[in-house]
Amino acid sequence: MESGQDWHSAKALLEWHIELGAVDAIGDTPVDRYALEPTKPKAEKPAQAKVDAPNRAAPTPPAVVPQIDYVALAKQAAAGAKDLDGLKAAIKAFDGCELKKGARNTVIADGNPAARVMIIGEAPGRDEDIEGKPFVGRAGQLLDKMFAAIGMGRDATMSKDSVYITNVMPWRPPSNRDPSPEEMAMMVPFLERHVQLVAPELLVLMGNTPCLAVLGRKGILRMRGNWDQGWGKPAMPMTHPAYLLRNPAAKREAWTDLLEIQSKLRDNA
Ligand code: URA
């Protein structure tokens, strides 16, 4: 389609739409909906004279659509997963969460399932949605650097030095918005089963969303750096690497938190 835009502006506009979460082009030409004729309200049918119809059957009441309890279904599916492969299959098969429809990939985990540390983030962003792996964008690169600084990483050959990484949500929320309480309630049973199956020594909760999912409360700037207990594991809330990219001064506190994690692992060794 020809347009008055030059190539560079058109490319920038397209990238902006992708950044906002657009995943499909639904037409070849844009529709200016403001210029469309407003649809006229349908003319009312003239009232018909009522005829006595003593034998006519009573109108059927509108069908009651049964509400599906997706949280209960999620709990059932998660409990039925006997191992990590079973859990991955159960998450991929779960259709209760609308976010799945807009996502390119179901992003489940990366790293070593035998790791001592399980890191839980919020949800995939654009890069993770494309690659199908958690924490591969800019925030993920910082996360890798942070753990490398205490000698740990997702690709470490020794399981004692490795980390296992997942997110509360396996699907990218549009425009990277926070997941809604309903969306989280459906996915938390899978996350809890994930923690049971991986059985790490400790959890690292990156930001408010995993604090809410695992500990039932948020307030990351107050909670960070203090050990808590989540699903029977010591849990360390930390500020999310995306926050650290925006607030580099907070990296100093994050470093203290990493040293605290290292010290706990040494004490437990
Ligand atoms: N932020 C997250 O919380 N998780 C990811 O996988 C990427 C960015």
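Both ligands and their constituent atoms are indexed starting at 1 by order of listing.
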Pro134: numbered ligand 1 atoms lying under 4.0 Å from its heavy atoms: 6 (O)
Per-atom contacts, ligand 1 versus Gly121 - under 4.0 Å to a heavy atom: 3 (O)
Carboxylate-amine/guanidinium proximity below 4.0 Å for Glu128 and Lys133: no
Ion pair check, Arg177 and Glu183, cut-off under 4.0 Å: yes
Gln229, CD atom: more than 12 neighbouring heavy atoms under 6.0 Å: yes
Compute the minimum heavy-atom distance from [X] to ligand 1 and say whether it is under 4.0 Å.
X	value
Met206	no
Ala123	yes
Lys133	no

Under 3.5 Å: N/O of Ala139 near N/O of ligand 1: no
Contact check: Phe135 vs ligand 1, nitrogen or oxygen atoms, below 3.5 angstrom: yes
Which segment of His240 sits under 4.0 Å of ligand 1 when only heavy atoms are counted: side chain
Proximity to ligand 1 by part of Glu122, non-hydrogen separation under 4.0 Å: both
Worked check of side chain to side chain contact (heavy atoms under 4.5 Å, CB included) between Leu244 and Leu142: CA-CA 9 Å; Leu244 298 177; Leu142 177 58; 3.8 Å; yes
Donor-acceptor pair between Arg138 and Gln141 side chains, under 3.5 angstrom: no
For atom 4 (N) of ligand 1, the option (of Thr166, Val107, Asn167, Asp110) bearing the nearest heavy atom: Asn167
Nearest-0.5 Å distance, CD of residue Glu122 to CG of residue Asp178: 6.5 Å
Lys251 side-chain N/O to Leu245 backbone N/O, donor-acceptor pair under 3.5 Å: no
